[in-house]
Amino acid sequence: MNATDPFVRLQTHTVEAAWRRYDEVQAGPEGLNAFLAVDRAARGDGAGVLAGVPVAVKDNIATLGMPTTCGSRVLDGYVSPFEATAVRRLRAAGAVVIGKTNMDEFAMGSSNENSAYGPVRNPLDRERVPGGSSGGSAAAVAAGVVRIALGSETGGSVRQPAAFCGIVGIKPTYGRVSRYGLVAYASSLDNVGVFGASVAEAALGLHVVAGHDRFDATSADVPVPDLTAAARPTADARPLAGLVVGRPVEYFPASLDARIAERCDAALQQLRALGAEVRDVSLPSTGLAIPVYYIIAPAEASSNLARYDGVRYGVRAAADDLNSMYERTRSSGFGDEVTRRILLGTYVLSAGYYDAYYKRAQAVRALVTQEFAQVFASGVDLLFTPTAPTTAFRLGEVSDPYEMYLSDIFTVTANLAGIPAMSQPIGTIDGLPVGGQFMAPHFGEATMLRAAAALEQAYAAEEAR
Ligand code: GLN
C-alpha cells in the first residue's frame with residue numbers, strides 16, 4: 001500500500017473522518033459555513049469504486065432527503081421529490097453523500113458572497129473568499145472534510161473556486177455529464193462539474209458521474225473512456241512526449257499580474273520538461289467573452305427563473321391577489337445579484353433589443369467556438385492558461401459587480417464553446433494558491449487529465465526534493 005497514492009488516500013478518508021473534520025471547521029463565527037444541510041444518517045451501500053467514500057454536493061443539485069435551496073431564500077426548505085442523475089450515480093458507486101454545500105444564489109457569483117445563507121470562508125485564509133459560485137464544495141474539499149465534491153459550472157464556478165482554494169476542479173464537455181436534477185441557470189452553458197483533492201480523485205469522481213442519460217436530452221451519447229486510467233501516476237520521465245500545448249497569447253495580457261504569469265510560465269516549463277511542445281497560439285475573440293457571457297447567461301436565467309413565482313416551489317409571500325403574490329414572493333425571495341440578472345436578461349430579450357444584444361452575442365459566441373476549433377485543428381492538443389486573474393480576495397473587497405464579473409475572464413470561454421477545462425494548483429503567491437487551466441477539444445477529457453496528472457506529479461516531485 002502506497003500512502004501517497006491518491007486512490008489509497010481516498011479509501012482511507014472515512015465518513016467518520018469526514019464528520020470529525022466537519023465538526024472542526026463548519027460552525028462558529030470563524031467557521032467555513034461550507035454546508036447548508038447535512039445527513040448524519042447517510043450510509044453507503046458498500047459496493048462500487050467509491051464504496052464508503054464521503055462526498056459533498058452543491059445545493060443546486062437535487063437530492064432526496066435533504067433540501068435543495070440553490071443558496072436562495074425563495075427555495076428555503078425546499079426538498080426535491082427526485083434525485084439528480086449525477087447524485088444517483090455517486091450513490092450507486094457506493095459514495096456517501098454527507099451534505100449539501102453553500103453557493104452563490106442560483107450559481108450567480110464568483111465569491112460565494114451572494115448566498116442568502118451567508119458567505120463561505122476560504123479554509124486557507126478565513127478572511128478571504130473561497131471563490132464562487134461553488135464555494136462551499138471547494139472549501140469542503142480544501143478543508144479536508146471530503147476529497148470529492150460536485151459543483152456546477154456556467155461560466156467558471158468550479159474552476160475559479162478550485163483555483164482560489166488550491167484544489168482540482170473539472171468542467172467537463174457540455175453534454176458529458178447529465179444535468180437531470182441540476183437546477184437550471186443558463187441552460188446552454190450549464191454543466192455539472194467535479195472537485196477533487198488531487199487530479200486522480202477528481203478524475204474518478206468525473207468518471208463515475210459521466211455518460212449518457214435518457215433523462216437529459218442534452219446529454220451526449222458518447223462513450224466515456226477510462227478517465228481514472230488517464231490520471232494514473234506514471235514512471236515515464238517524458239510522459240507528454242508528442243503532446244502539443246498551446247499558449248493562447250490573449251490569456252497572458254501585459255496587464256496580467258506578473259506573479260501569476262510567472263507561475264504559468266513555470267508550469268509551461270514543467271510541461272516542456274515532461275516532453276510536451278509548447279506553442280503560442282491566438283484566440284482573437286477572447287476579449288469579447290465576458291460581455292457576451294453577461295448577455296447570454298442573464299437572458300437564459302431570466303427565462304429559467306420565471307418558475308419561482310410562489311406557486312409551485314418553495315416560499316410563498318402572503319398577498320391579497322395573485323399578481324401581488326408573485327411580486328412579493330419574487331422581490332423578497334431573490335437577492336440583489338439575481339434580481340440584477342433577471343432585469344438585465346429581460347431587457348436584452350425584449351422586442352427591439354433582441355437583435356442588438358442577444359443575437360449579436362450569439363454570433364460572437366459562434367466565433368469564439370470556431371476559434372477554439374481552428375486552434376485544435378491546427379495540431380494543438382491542449383491549451384494552458386491561468387484560471388483566474390487574481391488569487392482569493394478578501395471578503396467584501398470586491399463590491400463592484402463588473403469587477404466581480406472579470407474574475408471569470410479566463411473561464412467563460414470554455415463554457416461558451418462547450419469544451420472541457422480544468423484548474424489545478426500551480427504554486428502560491430504570499431501563501432495563496434494560484435490555479436493553472438487546461439482546456440481541451442470536445443470530449444478530450446482524457447488527454448487533459450493525463451497532462452494534469454503528469455504536471456501534478458512533477459510539482460510533487462519538486463516539493464519532495
Ligand atoms: N461567476 C459567473 C456568474 O456569476 C459564473 C457562475 C457559474 O459558473 N455558475 O455567472
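Only heavy atoms go into these numbers, but all of them, side chains included; no hydrogens, no water, no symmetry mates. All ligand and atom numbering here is 1-based and tracks the order in the structure. Since this is a predicted model, take the numbers as computed values, not measurements.
Proximity to Tyr294 (heavy-atom distance under 4.0 Å) selects the following atoms of ligand 1: 1 (N), 2 (C), 3 (C), 4 (O), 10 (O). Residue-ligand proximity, Ala107 to ligand 1, at heavy-atom distances under 4.0 Å covers atoms 6 (C), 7 (C), 9 (N). Those atoms of ligand 1 with a heavy atom of Met108 less than 4.0 angstrom away are 4 (O). Numbered from 1 in the order shown, with element, the atoms of ligand 1 that lie under 4.0 Å from a heavy atom of Tyr293 read 2 (C), 3 (C), 5 (C), 6 (C), 10 (O). Ligand 1 places these atoms under 4.0 Å from at least one heavy atom of Thr154: 7 (C), 8 (O), 9 (N). With ligand atoms numbered from 1 in the order given, ligand 1 contributes 1 (N) to contacts under 4.0 Å with heavy atoms of Ser110. Per-residue contacts place Ser133 under 4.0 angstrom from the following atoms of ligand 1 (heavy atoms of the residue considered): 9 (N). Near Asp408, meaning under 4.0 Å from one of its heavy atoms, ligand 1 places the atoms 1 (N), 2 (C), 5 (C).
Of the N and O atoms on the side chains of Arg360 and Tyr354, not one donor lies less than 3.5 Å from an acceptor on the other residue. Inspection of the Lys58 and Ser134 side chains reveals an N or O donor paired with an N or O acceptor under 3.5 Å. Side-chain contact check for Thr101 and Asp59: no donor-acceptor pair (N or O, by modelled atom type) lies under 3.5 Å. Judged purely by distance below 3.5 Å, without hydrogens or angles, the side chains of Glu371 and Ser285 pair a donor atom with an acceptor atom. Under 3.5 Å, the side chains of Arg214 and Tyr180 contain no donor-acceptor pair of N or O atoms. In this structure, a donor-acceptor pair under 3.5 Å is absent between the side chains of Ser133 and Asn112.
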Could you walk me through whether Asn60 and Thr68 pass the side-chain hydrogen bond (donor to acceptor under 3.5 Å, both in side chains) test, one step at a time? CA-CA 6 Å; Asn60 59 349; Thr68 297; over 6 Å; no
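Geometrically, Arg247 engages Phe252 in a cation-pi contact, judged by NZ or CZ lying under 6.0 Å from the ring centre and within 45° of the ring axis.
Polar contact check, Gly132 against ligand 1: no nitrogen or oxygen pair lies under 3.5 Å apart. Checked by distance only, ligand 1 and Ser157 come closer than 3.5 Å through their nitrogen or oxygen atoms. Considering backbone and side-chain N/O atoms, Gly156 comes within less than 3.5 Å of an N/O atom of ligand 1. On a distance-only criterion, Glu153 and ligand 1 share no N/O pair closer than 3.5 Å. Taking only nitrogen or oxygen atoms, main chain and side chain alike, Arg341 reaches within less than 3.5 Å of ligand 1.
Aromatic ring centres of Phe164 and Phe393: separated by under 6.0 Å.
Enclosure of atom CG in Asp400 by more than 12 non-hydrogen atoms of other residues, nucleotides or ligands within 6.0 angstrom is indicated.
When non-hydrogen atoms are compared, ligand 1 lies under 4.0 Å from neither the backbone nor the side chain of Phe106.
Within the structure, the closest approach of Gly109 to ligand 1 falls below 4.0 Å when heavy atoms are considered.
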